[in-house]
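Input: a single structure, listed below in structure tokens.
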2 protein chains.
Amino acid sequence: MICDEDVMSERQSPGGQSLLFLTDEQLRKGIEAMFFAYRGFTADPDRILNKYGYGRAHHRALHFISRAPGTTVNNLLSILGVTKQSLNRVLRTLIEDELVESRVGTRDKRERHLFLTDNGTALEQELSDAQRERMRQAYREAGPEAVQGFRTVLEAMMDNDMQRHFTRMKEGRHD
Amino acid sequence: MICDEDVMSERQSPGGQSLLFLTDEQLRKGIEAMFFAYRGFTADPDRILNKYGYGRAHHRALHFISRAPGTTVNNLLSILGVTKQSLNRVLRTLIEDELVESRVGTRDKRERHLFLTDNGTALEQELSDAQRERMRQAYREAGPEAVQGFRTVLEAMMDNDMQRHFTRMKEGRHD
DNA sequence: CTTGGAAAGTCAACAACACTGACATAAAAC
DNA sequence: GTTTTATGTCAGTGTTGTTGACTTTCCAAG
């Protein structure tokens with residue numbers, strides 16, 4: 001599929017550290033791969049969401065509430081990187097449809113803590129199952145070393161803020 | 001950053017082929033990495049596009065016309081995976097603004113072949129430079145093996161149609 | 001206790017970008 | 001000569017994002 005010279009020209013410097021010679025062509029291929037892959041990445045959930053009359057924004061909210069149950073609206077805002085008005089529109093419909101529950105904070109009553117209801121959990125599962133299945137397939141095809149590299153490059157591609165969120169997520173911290 | 005056990009559980013079967021044990025947790029991390037990374041991937045071009053009053057759709061059109069000069073509208077449609085109405089809105093403004101030139105086909109006069117003008121090439125360069133710089137940075141940080149893996153997983157994540165387009169693109173075929 | 005400011009929610013207006021459906025024109029294909 | 005293909009266009013709609021203005025709630029500092 002992808003031959004070595006296709007991906008990267010590499011030379012060994014005297015000091016032992018490897019210098020990379022990345023041509024514009026090789027970088028452009030990476031860009032296109034990212035574009036096409038993201039389409040695949042979202043295709044399955046999009047189909048399911050459409051079935052229920054929801055959009056990608058609903059998926060994202062469900063995903064991160066599922067990952068960090070009890071998260072506040074503000075925390076979700078900073079993870080998703082949208083305005084509160086935009087998030088609020090989505091949250092409102094999810095709460096109205098009883099997929100998400102908003103509980104007033106005990107320590108700070110201004111804050112709303114978000115949880116998935118049983119229905120919410122069910123939809124999140126359906127979406128997640130589809131997306132994970134595609135991921136699992138890709139991982140299986142590519143093999144373990146490829147997956148390691150995949151994750152490493154993706155992490156290096158994030159903004160600092162996103163890296164922070166990603167790391168906190170990995171560590172199970174979501175306060 | 002990412003420890004081995006974090007990414008994938010691997011066992012060596014007697015036959016020598018490695019079996020992968022992918023937990024939902026590991027797959028979810030991959031999903032989140034993809035989400036955050038794509039934001040970083042588009043952040044720089046988005047800033048530039050905003051400056052000129054264009055959007056992501058204009059970038060995509062410019063990119064693929066630059067990659068496949070003389071491509072037809074139909075080809076572009078199938079690459080981008082949008083409706084002709086959606087693409088047409090974008091193309092019209094790019095042609096009006098003299099970033100893209102549309103030439104009637106010689107062999108088949110129904111077809112329009114698309115080319116970047118000098119101005120179009122300039123903007124495409126500006127966008128591409130920013131995106132390639134981020135890509136280069138990520139590749140450098142991650143190292144050559146990681147890049148190989150990155151590309152392999154991305155390709156496995158694409159739909160078949162997208163894989164076809166991607167392969168044709170790689171081979172420089174765009175007829 | 002009062003007040004400043006943070007957190008959350010709401011309303012209105014708007015823009016980008018996707019969609020569907022219908023229709024028009026030109027040219028190739030049969 | 002009819003049909004199909006490629007392209008373009010008009011109108012309407014929906015999701016998701018934006019800004020700006022405003023209110024309510026409530027913690028915390030003075």
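Residue numbers begin at 1 in each chain, while the letters A, B, ... track the order of the sequences. Both backbone and side-chain heavy atoms feed into the values below; hydrogens, waters and symmetry mates do not.
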Heavy-atom donor-acceptor pair, Arg89(B) side-chain to dA18(C) base, under 3.5 Å:
yes
Distance check needed: dG8(D) C1' versus Arg103(B) CZ, whole Å only.
20 Å
Side-chain-base donor-acceptor pair under 3.5 Å for Gln85(A) and dG20(D):
yes
Are OP1 or OP2 of dA18(C) and a side-chain N or O of Arg60(B) less than 4.0 angstrom apart?
yes
Quick note, His58(A) side chain, CB onward, closest among dT16(D), dA18(C), dT9(D) is dT16(D)
Atom-pair distance (CG on Asn88(A); C1' on dT18(D)), nearest Å
15 Å
Interatomic distance, Asp46(B) CG vs dA15(C) P [rounded to whole Å]
19 Å
Within 45° of the ring axis of Phe41(A) and under 6.0 Å from its six-membered ring centre, is that where the NZ or CZ of Arg134(A) lies?
no
Mind calculating the distance between CG (Leu77(A)) and C1' (dT18(D)) to the nearest angstrom?
14 Å
Let's see if you can work this out: which of dC19(C), dT7(D), dT9(D) has an atom nearest to the side-chain heavy atoms of Glu111(B)?
dT7(D)
Is Glu101(B) salt-bridged to Arg112(B), going by a charged N under 4.0 Å from an acidic O?
no
Would you kindly give the CG-to-P distance between Leu49(B) and dG17(D), to the nearest whole Å?
17 Å
Hey, which sits more toward the 5' end of DNA chain D by its nearest nucleotide, Val104(A) or Val90(A)?
Val90(A)
Quick check on dT16(D): is either OP1 or OP2 less than 4.0 Å from any side-chain nitrogen or oxygen of Arg56(B)?
no
For a quick check, tell me whether the side chain of Arg110(A) and the base of dA6(C) share a donor-acceptor pair closer than 3.5 Å.
yes
May I ask you to decide whether Arg136(A) forms a salt bridge with Glu141(A), counting only side-chain N to carboxylate O separations under 4.0 Å?
no
Let me know the distance between CG of Asn50(B) and P of dC14(C), rounded to the nearest Å.
19 Å
Using the ring of each side chain (for Trp, its six-membered ring), is Tyr139(A) parallel, tilted or perpendicular to Phe150(A), with breaks at 30° and 60°?
perpendicular
Identify, between Asp108(A) and Arg92(B), the residue whose nearest nucleotide on DNA chain D lies closer to the 5' end.
Arg92(B)
Rounded distance in Å - NZ (Lys51(A)) to P (dG14(D))
22 Å
Closest to the Ala57(A) side chain: dC27(D), dG17(D), dG8(D)?
dG17(D)
Phosphate contact (dT7(D) OP1 or OP2) by Asn74(B) side-chain N/O below 4.0 Å
yes
Nucleotide nearest Lys84(B) when distance is taken to its side chain, options dT9(D), dG9(C), dA28(C):
dT9(D)
I need the NZ-C1' distance between Lys109(A) and dG5(C), as an integer number of Å.
19 Å
Between His58(B) and Tyr54(B), what is the ring plane arrangement, given parallel below 30°, perpendicular above 60°, and tilted in between?
tilted
Are any of the side-chain nitrogens in Glu126(B) or Lys51(B) under 4.0 Å away from the carboxylate oxygens of its partner?
yes
Nearest listed nucleotide, side chain of Ser102(B), among dG8(D), dA8(C), dC17(C):
dG8(D)
dT18(D) phosphate, OP1 or OP2: any side-chain N/O from Thr83(A) under 4.0 angstrom?
yes
